[in-house]
Protein chains: 2
Amino acid sequence: METYAILRDLAVIVICAKAFGLLARRCKAPMVVGEIIAGLVIGPCLLNIVQPTDFINKMAEIGVVLIMFSAGLETNLQELKKSGFAALIIACVGVFVPLVGGSLLYMGIYGFASFGTDEFFKGVFIGSIMTATSVGITVEVLKEMGYLKSRVGQTILSAAIIDDIIGIIVLTFVLGFKDPDSNALLVSGKIVLFLILSVIVGFIFYKLFKYYDDKHVHTRRIPIIAISLCFAMAYVAERYFGIADITGAYIAGIILCNVRDAEYIDRKVSVNGYMFFAPMFFVGIGLKTDFSNVDTSMILFSVGFVIVALLTKIIGCGLISKCFKYSWADSLKIGIGMMTRGEVALIITNKGLGLGIIDSSYFTAVILLIIISSIVTPLLLKYLFSKYPEKALTENT
Amino acid sequence: METYAILRDLAVIVICAKAFGLLARRCKAPMVVGEIIAGLVIGPCLLNIVQPTDFINKMAEIGVVLIMFSAGLETNLQELKKSGFAALIIACVGVFVPLVGGSLLYMGIYGFASFGTDEFFKGVFIGSIMTATSVGITVEVLKEMGYLKSRVGQTILSAAIIDDIIGIIVLTFVLGFKDPDSNALLVSGKIVLFLILSVIVGFIFYKLFKYYDDKHVHTRRIPIIAISLCFAMAYVAERYFGIADITGAYIAGIILCNVRDAEYIDRKVSVNGYMFFAPMFFVGIGLKTDFSNVDTSMILFSVGFVIVALLTKIIGCGLISKCFKYSWADSLKIGIGMMTRGEVALIITNKGLGLGIIDSSYFTAVILLIIISSIVTPLLLKYLFSKYPEKALTENT
């Protein structure tokens, strides 16, 4: 492909994402839903004007990294401390219930298997695909509605971050049975090491930024250094510690969220995000979807998979939230906010494919889950937040 | 390559571009020189931390498109009209002199050849590599010093744009001898058609934007629609009319330069440019350089090639500028501003390689020309502008 050919894709994606986004907003749906639908419409599913290329995937990766960095920058640390313990427990339950639910679904359809067999293992793997919440879409919706810094918003965000880490630990343990290279203890150690490293790097950079920032306000180099830190943390997390790059980016954001220029950095990052990279991520989900080779049994499994994946998160996260004195409406918001799945589910599926645990037909179910959760979550969240506005919001903004 | 691996390259490029850029500025050199040197240092030439990947090339392409779009947006149409005729003649002479100079250089070294022979043809091709000025670097320097909208700045910019088009016409004629698919008349017709199309599209979009802009000032969709137009024009120019994408982007910028929100669009485009894409372009030039397989005879030819390429532009454009009542200092500025070569020279070389006219060793000379002109031009321009400030500047800013 000639280099200039990407300009065509860019022009089409940028304008269609905006057009469908505005259309979605006019239909009272969040803009990201419009962007995903834009991807379905211009992609191989329908018009086939734009194909998902390697370049678009990479732009999308940058997009989701910037979204998470921006979310980190907007973190209210005070609120996170308040919601921290609740978030931890919500995340744990929100990993455990889908893991069990997914395993039972698989065994319910294909017959129960005793512990240790390949079939048992495959069931547990199906369950582990369901564990990791993809917070990107929820964050966009919460941001759009101004609830990101609210108590519910912060809880969802923290729980989703923690659940990513727990999900990766679970995956590591599950894969430990199969993959000789994957050592559960080693990987757990790596995760602990990464958190320690984050605290050290965080402390140093926070001090450096605070010192530098007080001398040079609003110079161009501040956001550039910040974004390099974000990319570096994201890369190091995934490359050396086996933690999702988006988690690294989020932590980079948290490191800088109390710096005086945090809002200035966020503004510069957001301009890049909304113009190029974020649309690439959301349109990209639609582009990657391909319904052409789906048969009846796969449809049935997929439907079951989606229902179990959504309900286990709502029930798991929702019920446990209620124990933490959230109202029923807020508990439901948390459960629904946690039910989006995204690239982590795809990465896990891909890993299982590479190790020969499952075959490629399972991608259909996962992609269906991503699309449905991406479309349904924003709609439900928007409905719930407008019907039951969060009381704490006025205190926080 | 895993998708997340690009984050490492991005982190390194973004931070090194800024660091070397600031270092260059501290040495009183323009920042772009620092960025090119950053590419040489972190690239295969020296440390080999970052390799020039397809992804970086594509980001660089977007970078140079955005730079040209931004230059178009900042065009002072009044001034362009004033400098238009002069620019046209300067461009013509600035194409003709290097074309002849390059041909003579080749024949001087390898022996004179009579018209129509392969050797004659190869000489003319070497000349045509030298024709197209790459205005990207000059624009960045002029912008940095605040002279982009000055009379000299506008003349250089217009002449470089026109010389791109003339360069492509020349190339088309030269290739017409060899390539059965390339019809000189057809391609000339395409160029004329593109200009007509630009006027029509320009008129429609200008009216639409003016209407829309007066109703919605400063909404996010304005820069997004503008940037889609830029990408679309760039793509259509290269894909359907054989005109460089950067020329299309520049014309898109000119179309919108009189819209009320032009400055707002430019600001949003520039944020994207300076944070990600522009550094990719300048660092990318350094990254692509490889001095490993260069022998003595190639070094001698390359030195001659660079000297002839630089001097023919200075003499050609400089002397003819003097005829248009520019002062000697301003004529020299124009000559030097026109001597940068860039991706167009590479594209032409690549085309000659594909058609079997020249072999790959000629890339060394072209890359050397690009690097030397990229480093020398900003230094000389900066020196000249500070020693002989342009008198017209105060009227225009």
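Within every chain, numbering begins at 1; the chains are lettered A, B, ... in the order of the sequence lines, protein sequences first and strands thereafter.
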CD (Glu263(A)) with more than 12 external heavy atoms under 6.0 Å: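 Atom CD in Glu263(A) is not crowded, with 12 or fewer foreign heavy atoms closer than 6.0 Å.
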Contact between Arg8(B) and Arg239(A) at the side-chain level, heavy atoms closer than 4.5 Å - yes or no?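 Of all side-chain heavy-atom pairs linking Arg239(A) with Arg8(B), none is under 4.5 Å.
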If we only count heavy atoms from C-beta on, is the Lys58(A) to Lys58(B) side-chain gap below 4.5 Å?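 When only atoms from C-beta onward are counted, Lys58(B) and Lys58(A) do not touch, as no gap falls below 4.5 Å.
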Can you tell me how far CG of Leu7(A) sits from CD of Glu61(B), rounded to the nearest 0.5 angstrom?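 If we round to the nearest 0.5 Å, Glu61(B):CD and Leu7(A):CG are 6.0 Å apart.
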Apply side chain to side chain contact (heavy atoms under 4.5 Å, CB included) to residues Ile62(A) and Phe55(B) and explain how you reach the verdict. CA-CA 12 Å; Ile62(A) 299 174; Phe55(B) 181 74; 3.7 Å; yes
If we define contacts as heavy-atom pairs under 4.5 Å, which of Val12(A), Asn57(A), Val14(A) has the most with chain B?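 Counting heavy-atom pairs under 4.5 Å, the top option is Val14(A).
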Quick one: what part of [X] sits under 4.5 Å from any heavy atom of chain B, side chain, backbone, both or neither?
| X | answer |
| --- | --- |
| Val65(A) | side chain |
| Pro223(A) | both |
| Lys18(A) | side chain |

Validation: residues 226-238 of chain A side-chain donor-acceptor distances under 3.5 Å, sequence neighbours left out:
unit_1: Ser228(A); atom_1: OG; unit_2: Ile224(A); atom_2: O; d: 3.0
unit_1: Glu238(A); atom_1: OE1; unit_2: Asp245(A); atom_2: N; d: 2.8

What verdict does the ring pair (Phe, Tyr, Trp, His ring centres under 6.0 Å) test give for Phe276(B) and Phe277(A), after you've listed the backbone C-alpha separation in whole Å, the side-chain angles of each residue and the deciding distance to 0.1 Å? CA-CA 11 Å; Phe276(B) 289 104; Phe277(A) 298 107; 5.2 Å; yes
